[in-house]
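Heads up: the structure comes next, in C-alpha cells.
Counting starts at 1 for both ligands and their atoms, in listed order.
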Amino acid sequence: MKNQILTVLLLFIAVFVVAQEEESVKMRPEMTEIWDPEISLVTPGETPMDAPSDAIVLFDGVDLENEWTNDKGEKPGWDVANGCVTVKKGTGVIKTKRVFNDFQLHIEWRSPAEVKGKSQGRGNSGIFLQGIYEVQVLDNFDNRTYRNGQAGSLYKQHPPLVNACKAPGVWQTYDIIYTAPRFNDDGTYFTPPTVTVLHNGVLVQNNVKLRGPTEYIGIPEYTVKKHGAAPLVLQDHGNPVSYRNIWIREL
Ligand code: MG
C-alpha cells in the first residue's frame, strides 16, 4: 500500500514537472520582440527614383491586373486610384504573376495620413521577398514598437540600422537588393538569403543574412524546404497603406 502511494505520488510529480516544462517552452509573439535599445532617428532627403531602362515595371500607377493577382490567382482586390494602389482591408495579399530570384526592387509606400492605432497597428503592411521573407512596412514616425519589427526591419530577424521614417501621409521609398538562397540537396540553405535595404535613400540593412522564412511566433528555422523563384507579395495587415512606382531589375 505504501509503495502504491509512493508510486502515485512520483507519477503526479513527474506529470507536474512535464506540464511545467511544456508551459515554459510555449512560444508567444512577445517572446521574440526586442525593444531596446531604441532605433535612432535620421531625417532622410527627398527625391524618389524613376525606373531605369532595363527594369520591369510592376506597377505604373494605373494597371494592377497586368502584373498582380490575389492569393488565389484572381483579380487583386486592392483599390487603384490617383496613381497608387491601396490595401483594401480583408481582401488579402496581392502578389506578382512573375516569379523572381535575385533582384533589385524599388517600391514607394505611404502610410495613412490619418494616424490611427499604435505600435504594430499603425500603417502596417509588408513586402514579402519570394513570398516568405518580410521587409516590414510600418508607420514608425513617432510610433514606438519593438526594434526588430519596425519599418525597414527584416521582421523579427534584423532591426533597421536607423529609423529613416517620413511622416504619415508622405511617400517613402525602399530600394531592396535581394539574393535568393541556394540550397543543399536536403533542403537546408547552402547560402541563406541576403538583403540590403535603403529606406528613403538611407541604408538600413547592409547585406544581412536571413535565418529562414519570417515567423510571427517563435524562432525562424535555419532549415527550410527548398524553394525556387517566387513572387513578390504585398501584405494586407488591415491598414490602408498605399504603394506606387514599383519596379524590379532581375540580377
Ligand atoms: Mg507587416
Item to complete: Spell out, yes or no, whether Tyr243 and Leu138 are grouped together once hydrophobic residues are joined by side-chain heavy atoms under 4.5 Å, including indirect joins.
Response: no

Fill in: Atom pair CZ (Phe103) and CD (Glu250), whose distance is rounded to the nearest 0.5 Å
9.5 Å

Discussion item. Please evaluate residues Lys116 and Asp139 with respect to the criterion salt bridge (charged side-chain N to carboxylate O under 4.0 Å, His left out), reporting the C-alpha separation (whole Å), side-chain torsions for both, the decisive distance (0.1 Å), and the verdict.
Written reply: CA-CA 10 Å; Lys116 273 188 188 168; Asp139 174 12; over 6 Å; no

Worksheet, complete the sentence: Excluding water, the protein N, O or S atoms sitting under 2.8 Å from the Mg ion (ligand 1) are Asn124 OD1, Ser125 O, Glu134 OE2, Gln136 OE1, Gln235 OE1

Item to complete: Decide salt bridge (charged side-chain N to carboxylate O under 4.0 Å, His left out) for Glu215 and Lys156; before the verdict, give the C-alpha distance in whole Å, the side-chain angles of both, and the deciding distance to 0.1 Å.
Response: CA-CA 7 Å; Glu215 297 286 354; Lys156 285 196 171 173; over 6 Å; no

Discussion item. Check this for me: does any side-chain nitrogen of one of Arg249 and Asp175 sit under 4.0 Å from a carboxylate oxygen of the other?
Written reply: no

Worksheet entry | Proximity of Phe183 and Tyr189 rings by center, below 6.0 Å | yes

